[in-house]
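Written out below as structure tokens is the structure these notes cover.
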Amino acid sequence: MSLIELSGIRKSYVNGDVVTPVLFDIDLQVRQGDYVALMGPSGSGKSTLMNLLGLLDRADSGHYQLHGQDVTDLNAAQHAQVRNQTIGFVFQSFNLLKRMSVLENVALPLLYAGQGRARARLKAQELLDQVGLADLGHRMPNQLSGGQQQRVAIARALVNQPPLLLADEPTGNLDTKTTLEVLELIGQLNRDQGLTIVVVTHEPDVALHAKRLVRLKDGRVVYDGAVAEGGQV
């Protein structure tokens with residue numbers, strides 16, 4: 001079953017009288033349980049496409065079905081509701097709230113969704129256990145390493161049990177060893193829980209961990225298929 005279906009997606013940005021086309025007639029399907037690496041050079045449109053997938057931006061034309069729902073013409077409030085229920089986000093810069101503890105950071109999406117505080121904290125602790133940080137919930141984000149902060153961000157992204165994880169350069173601020181640890185966690189979530197994952201990256205070594213590669217160039221999909229063997233993407 002397809003979790004994501006894009007058809008004929010176009011997107012341009014307007015600055016005064018200047019119109020800059022970014023995406024041209026994007027057709028893309030992502031099935032449940034897929035693990036996709038989205039690659040492309042700077043200016044290829046991959047970040048714009050990620051924003052459209054995450055309902056953080058709106059296409060100029062085309063259609064978008066997410067988890068069986070046509071989200072093309074939903075308003076901003078409806079998009080926010082779908083995001084909260086369907087999508088977990090992980091970013092390069094972690095985006096943790098500095099004045100909240102690790103446990104409070106992970107619990108926050110549940111509080112936004114109307115869960116009681118006690119239940120939200122219990123669920124947050126379960127996610128911290130899952131990502132290997134069971135004993136660190138009381139710490140503040142600045143007391144953690146970069147890899148630990150990214151694990152917290154992953155736990156927060158998954159606390160609402162979304163079927164889709166969107167990760168934008170999730171290892172961009174990490175060293176090689178920590179990158180491998182975070183990628184192993186992401187891969188484990190895909191293998192063991194069937195979580196659908198789309199990772200934006202410019203690093204071939206990161207893309208090699210995915211099952212499928214989608215490459216963009218000049219706003220168009222120029223490759224969509226298996227990650228090549230022998231370390232070439």
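Just the heavy atoms: all of them, side chains too, but no hydrogens, waters or symmetry mates, feed the values below.
In plain terms, the two heavy atoms of D57 and Y13 that are nearest each other are OD2-OH, 3.1 Å. Shortest non-hydrogen contact noted between S44 and L216 is CB-O, 3.5 Å. When every heavy atom of V227 is checked against every heavy atom of A210, the shortest pair comes out as CG2-O, 3.5 Å. H67 approaches T86 most closely through the heavy-atom pair CB-CG2, 4.1 Å. Contact between S12 and P21 at its shortest, heavy atoms only, is OG-CA, 3.3 Å.
Distance check: N75 CG to R58 CZ gives 7.5 Å after rounding to the nearest 0.5 Å. Within the model, atoms OH of Y35 and CG of N190 stand 7.5 Å from one another, a figure rounded to the nearest 0.5 Å. Separating the NZ atom in K11 from the CZ atom in F24 is a distance of 13.0 Å, to the nearest 0.5 Å. A distance of 9.5 Å separates CG in D205 from OG1 in T171, rounded to the nearest 0.5 Å. Taken from CG in L183 to CD in Q150, the straight-line distance is 10.0 Å, to the nearest 0.5 Å. Here the CD atom belonging to Q149 is positioned 11.5 Å from the CZ atom belonging to R139, to the nearest 0.5 angstrom.
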Counting only pairs under 3.5 Å, give me each side-chain donor-acceptor contact of residues 127-138, with atom names and distances, residues two or more places apart or in other chains.
residue : atom : partner : partner atom : Å
D129    : OD1  : Q125    : NE2          : 3.0
H138    : ND1  : D135    : O            : 3.4

Contacts under 3.5 angstrom, residues 91-100 side chains, donor-acceptor by atom type, not counting sequence neighbours:
residue : atom : partner : partner atom : Å
Q92     : NE2  : N173    : OD1          : 3.2
S93     : OG   : N95     : OD1          : 2.8

Pairs of donor and acceptor atoms involving the side chains of residues 161-170, under 3.5 Å and at least two apart or interchain, shall be tabulated with distances.
residue : atom : partner : partner atom : Å
E169    : OE1  : H202    : ND1          : 3.2
E169    : OE2  : H202    : N            : 3.2
E169    : OE2  : H202    : ND1          : 2.9

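Considering only residues two or more places apart in sequence or on other chains, T72 meets the side-chain hydrogen bond (donor to acceptor under 3.5 Å, both in side chains) condition with D70. Residues passing the side-chain hydrogen bond (donor to acceptor under 3.5 Å, both in side chains) test with R212, sequence neighbours excluded: D34, D224. Applying the salt bridge (charged side-chain N to carboxylate O under 4.0 Å, His left out) rule to D175 yields no partners; only residues at least two apart in sequence or on another chain are considered. Taking the side chain to side chain contact (heavy atoms under 4.5 Å, CB included) definition, one finds that Y223 meets it with L213, R215, sequence neighbours left out. With sequence neighbours left out, R191 forms a salt bridge (charged side-chain N to carboxylate O under 4.0 Å, His left out) with E184. In terms of the side-chain hydrogen bond (donor to acceptor under 3.5 Å, both in side chains) criterion, residue partners of S101 (sequence neighbours excluded) are, by chain and number, E104. R10 meets the side-chain hydrogen bond (donor to acceptor under 3.5 Å, both in side chains) test with D25; sequence neighbours excluded.
None of L23, D27, L49 except one satisfies the side chain to side chain contact (heavy atoms under 4.5 Å, CB included) rule with L6; the exception is L49.
Applying the side-chain hydrogen bond (donor to acceptor under 3.5 Å, both in side chains) rule to pairs touching residues 107-121 yields Q115-R119, sequence neighbours excluded.
In this structure the side chain of L55 reaches within 4.5 angstrom of the side chain of V82, judged on heavy atoms. Within the 4.5 Å cutoff, the side chain of L158 has no heavy atoms near those of the V106 side chain. In this structure the side chain of P141 reaches within 4.5 angstrom of the side chain of N105, judged on heavy atoms. Taking 4.5 Å as the limit, every side-chain heavy atom of T178 sits out of range of all side-chain heavy atoms of T176. Looking at H209 and L180, their side chains come closer than 4.5 Å, going by heavy atoms from C-beta outward.
The closest donor-acceptor contact from the side chain of K46 to the backbone of L38 lies at 3.5 Å or more, if one exists at all.
Within 6.0 Å of NZ in K211 there are more than 12 heavy atoms belonging to other residues, nucleotides or ligands.
Grouped by direct or indirect side-chain proximity (heavy atoms under 4.5 Å, Ile/Leu/Val/Met/Phe/Trp/Tyr only), V14 sits with V19.
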